[in-house]
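Single-structure report; data block below.
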Amino acid sequence: MCSSEVIDFERQLAGSFVQQLNSVRQTQCWHIMPVGDASSLLRASEDGDGAAAESDQRHTNDAGTRDKMTAGTSNGTVGPPDVGATSTLTNGFSVAPLNGEAESAGPAMPWFGMDIGGTLTKLVYFEPTDGQSAAEADQEQETLTNIRKYLKSNCAYGDTGRRDEHLQMDNVRMGKRSGTLHFIRFPTSEMPAFLELAKSKGMATLASTICATGGGAYKFEQDFRRVVNLQLHKFDELDCMIHGIEHVEDQNPTECYYFANPGDQSDYTTCPYDFSDPYPFLVVNIGSGVSILAVEGPDNYRRVTGTSLGGGTFLGLCCLLTGCESFEEAIALAAHGNSHNVDKLVKDIYGGDYTRFGLSGDIVASSFGHMNVSEKRGKVSRSDLAHATLVTITNNIGSIAMMVANSHNIGKVLFVGNFLRVNQISMQLLAYAMNFWSDGKLKAIFLQHEGYFGAVGCLLELLRSGDGAEDKKSTESKKSSEEKTDAERCPPAPDAKSKPVIDRGSSASSECSSCGRSTER
Ligand SMILES: Nc1ncnc2c1ncn2[C@@H]1O[C@H](COP(=O)(O)OP(=O)(O)OP(=O)(O)O)[C@@H](O)[C@H]1O
Ligand SMILES: CC(C)(CO)[C@@H](O)C(=O)NCCC(=O)O
């Protein structure tokens with residue numbers, strides 16, 4: 001994955017990360033946030049002003065919180081499109097307002113979408129702003145008003161819940177309503193405290209529909225019922241993510257962006273990517289683990305493969321190796337480290353290049369390959385270890401994404417997931433590697449709302465399914481037989497024992513869980 005340029009690039013990254021932070025702040029690149037956003041335990045209490053002040057400090061820009069493209073682009077084409085009689089928003093995009101009184105179609109408020117992941121829970125809250133009808137206002141319970149006020153007046157909830165104010169989307173269309181989308185996250189490990197907090201805010205008294213996706217929608221279903229008397233309506237996490245991406249991108253012309261000069265290690269300029277002709281594209285969702293999806297058209301995608309070496313691996317290994325306590329701390333350490341003190345390069349083995357197979361001497365031959373020598377172990381810093389861990393995980397994901405893109409003949413690769421949060425090093429490395437190894441044919445595309453698409457898509461699924469009264473996987477019925485899993489293709493034999501099937505993609509052959517026969521994909 002690495003070349004001499006990658007190596008130099010990584011080196012420079014380490015040295016110049018602080019400089020980057022400063023320069024991107026000057027160019028209003030909102031997604032680069034100062035480190036130190038350390039989370040601790042979520043308490044069932046409000047932080048109020050103090051927390052909001054802490055959060056405000058992390059913003060790179062007070063007014064136009066989503067205008068990272070405006071000053072950072074090279075082509076000058078950035079900004080809201082000319083959409084005629086629409087409202088232009090402070091956050092850089094526009095939507096047509098609803099005419100007249102708001103339509104009351106859709107499930108009862110409040111509208112939440114929740115993605116309960118292996119590491120982080122993402123919550124989106126939709127606040128209608130298209131003018132409440134008198135009837136709606138009368139119906140609104142005091143509890144609901146209080147919850148709305150509580151969510152909106154804080155940027156931190158307890159010690160670990162955070163509202164990502166810089167991602168807020170105003171005048172966004174959801175179903176037949178328009179309003180503001182708020183983005184909130186907290187560690188999934190704090191779910192018990194979150195449920196107690198929700199209970200203390202009166203959620204149990206609201207007969208509302210809560211839709212949820214992610215593995216935790218299944219894992220915590222009983223807890224939601226027991227603690228807050230809520231029945232979860234569950235939706236598939238990958239359906240939700242794809243729909244969330246398409247909807248957010250549709251509402252925000254600057255959602256997608258790419259590095260203008262991925263081959264130039266000193267140029268951090270980003271440009272909005274025009275995603276109006278999207279198909280086919282690859283989605284690499286880097287969460288705790290990694291899922292890679294090939295999207296051929298609307299409601300036509302397939303999970304091609306995945307890897308367990310993802311964001312959770314980076315964080316877990318970093319905590320073990322450096323004693324750090326949070327993702328933010330791990331990223332801050334990595335920014336000051338040098339992975340070459342940890343990794344063994346081709347030239348460490350060959351004394352130079354391995355020319356026959358085009359391997360430059362500066363390519364990493366073996367990640368962490370120096371660490372078997374006690375003298376070298378004695379010399380590495382915590383930062384070097386953090387940097388090497390980040391580079392190892394990132395390069396591995398990039399390498400798998402490249403192989404999948406090439407084998408499926410797909411040129412656009414969307415990288416999403418919270419691993420990329422405040423993680424300029426990985427984004428830059430992915431952009432560089434994709435470009436370098438494909439001779440510029442593959443484009444790495446990043447999205448502003450990184451890890452929130454599942455939660456947005458989940459709320460959309462609720463609206464699509466009317467009152468959300470039944471669990472459904474929205475695209476299930478549309479899957480072609482090629483996309484279906486063995487169990488879906490073959491109806492279970494009456495006496496079939498359930499045998500796990502690992503679906504790692506089209507080239508894999510596996511055994512059908514139902515009939516036991518070998519299947520080629
Ligand atoms: N504040 C944070 N706390 C913990 N991890 C964070 C934080 N910010 C970013 N991360 C990174 O994001 C990853 C989780 O990303 P994401 O929320 O997209 O996945 P998830 O939904 O929890 O996991 P999965 O989809 O595999 O169930 C973590 O493993 C870590 O690398
Ligand atoms: C299990 C999920 C889908 C949960 O989001 C994710 O963590 C993942 O895709 N992990 C990688 C699993 C694999 O090895 O394919």
Side-chain angles (χ1 to χ4, degrees), residues 31 33 35-42 55 58 114-124 156 159-164 167 183-191 212-220 235-241 244-245 283-293 302-319 324-332 334 386 389-390 393-394 396-397 400-401 404 415-427 447 449-458 485 500-505 508 510:
H31 64 279
M33 296 219 266
V35 290
D37 175 28
S39 300
S40 50
L41 287 177
L42 183 121
S55 175
R58 299 198 313 265
M114 191 165 26
D115 177 3
I116 311 175
T119 307
L120 292 175
T121 295
K122 284 74 64 180
L123 188 67
V124 296
D159 288 344
T160 56
R162 290 285 179 275
R163 180 158 62 91
D164 284 316
L167 296 181
F183 297 86
I184 295 162
R185 63 185 151 86
F186 63 89
T188 301
S189 56
E190 298 300 324
M191 187 56 80
T213 188
Y218 298 82
K219 185 177 168 187
F220 295 106
F235 297 97
D236 177 77
E237 65 172 296
L238 300 181
D239 285 354
C240 290
M241 182 182 68
I245 289 174
V283 179
V284 180
N285 181 33
I286 319 179
S288 314
V290 183
S291 284
I292 303 186
L293 319 180
R302 170 162 91 91
R303 184 179 187 276
V304 178
T305 191
T307 169
S308 62
L309 304 185
T313 320
F314 161 67
L315 187 51
L317 286 178
C318 234
C319 290
C324 72
E325 295 285 350
S326 70
F327 179 77
E328 290 75 12
E329 197 188 338
I331 292 291
T389 311
L390 191 60
I393 295 296
T394 305
N396 189 56
I397 294 168
I400 296 169
V404 174
F415 289 96
V416 295
N418 277 318
F419 172 66
L420 299 174
R421 236 195 94 240
V422 296
N423 186 358
Q424 174 87 350
I425 296 176
S426 292
M427 286 194 285
L447 280 78
H449 288 84
E450 287 148 355
Y452 278 109
F453 300 107
V456 174
C458 184
T485 63
V501 172
I502 300 172
D503 182 357
R504 288 194 180 270
S510 61

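What you are looking at is a predicted structure, and each value in this text was computed from that prediction instead of being measured. Sequential numbering from 1 along the given sequence is applied to the chain's residues. As a basis for the values below, the full set of heavy atoms in this structure was taken, side chains included, without hydrogen atoms, waters or symmetry mates. As the structure lists them, so they are numbered: ligands from 1, and atoms in each ligand from 1.
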Atoms of ligand 2 under 4.0 Å from any heavy atom of Ser308, numbered from 1 in the order shown, are 14 (O)
Within a distance under 4.0 Å of any heavy atom of Leu315, pick out the atoms of ligand 1 and give their elements.
4 (C), 5 (N)
Considering both backbone and side-chain atoms of Ser291, is one of its nitrogen or oxygen atoms within less than 3.5 Å of a nitrogen or oxygen in ligand 2?
yes
Are the side chains of Lys122 and Asn418 in contact, using a 4.5 Å heavy-atom criterion?
yes
With heavy-atom distances below 4.0 Å as the criterion, list the atoms of ligand 1 near Glu328.
1 (N), 2 (C)
Counting N and O atoms only, with roles assigned by atom type, does the side chain of Thr213 sit under 3.5 Å from a partner on the main chain of Phe235, one being a donor and the other an acceptor?
yes
Should the proximity of Lys122 to ligand 1, defined as any heavy atom under 4.0 Å, be assigned to the side chain, the backbone, both, or neither?
side chain
Residue part near ligand 2, for Thr307, under 4.0 Å between non-hydrogen atoms:
backbone
Please verify whether a non-hydrogen atom of Gly289 lies at under 4.0 Å from ligand 1.
yes
Report the part of Asn418 (side chain from C-beta onward, or backbone N, CA, C, O) that has a heavy atom under 4.0 Å from ligand 1; answer both or neither where that applies.
both
Regarding ligand 1, does Phe327 bring an N or O atom to under 3.5 Å of one of the ligand's N or O atoms?
no
Which of the ligand 1 atoms, numbered from 1, are nearer than 4.0 Å to a heavy atom of Gly417:
18 (O)
Are Ile397 and Ile393 side-chain neighbours, meaning at least one heavy-atom pair lies under 4.5 Å?
yes
So, does Arg162 sit close enough to ligand 1 that a heavy atom of it is under 4.0 Å from the ligand?
no
Checking the N or O distance criterion of under 3.5 Å, is ligand 1 in contact with Gly451?
no
Phe415 side chain near Glu450 side chain, heavy-atom distance below 4.5 Å:
no
Any heavy atom of Arg303 under 4.0 Å from ligand 2? The part involved is side chain
Of all the heavy atoms in Phe314, does at least one lie under 4.0 Å from an atom in ligand 1?
no
Should one rank Gly310, Gly287, Gly311 by closest heavy-atom distance to atom 14 (C) of ligand 1, which comes out on top?
Gly287
Sub-3.5 Å N/O-N/O distance, Thr119 and ligand 1:
yes
If we ignore hydrogens and angles and just use 3.5 Å, is the side chain of Asn423 paired with the main-chain N or O of Ser426 as donor and acceptor?
yes
The single option from Leu447, Val304, Val416 that satisfies side chain to side chain contact (heavy atoms under 4.5 Å, CB included) with Val283 is Val416
Less than 4.5 Å apart, side chain to side chain, heavy atoms only: is that true for Thr394 and Ile425?
no
Does ligand 2 have a heavy atom under 4.0 Å from the side chain of Ser288, from its backbone, from both, or from neither?
neither
Does some side-chain heavy atom of Val284 sit less than 4.5 Å from a side-chain heavy atom of Val404?
no
Going by heavy atoms in the side chains, are Asp115 and Val124 under 4.5 Å from each other?
no
Residues in ring-ring contact (aromatic ring centres under 6.0 Å, His included) with Phe419, at least two apart?
Phe314
Does the side chain of Asn285 come within less than 4.5 Å of Leu293's, by heavy atoms?
no
Measure across Cys318 and Ala330 and return the closest heavy-atom pair with its distance rounded to 0.1 Å.
SG-CB, 3.9 Å
Has Gly312 got any heavy atom lying under 4.0 angstrom from an atom of ligand 1?
yes
Record the part of Val290 in heavy-atom contact with ligand 2 below 4.0 Å; permitted values are side chain, backbone, both and neither.
backbone
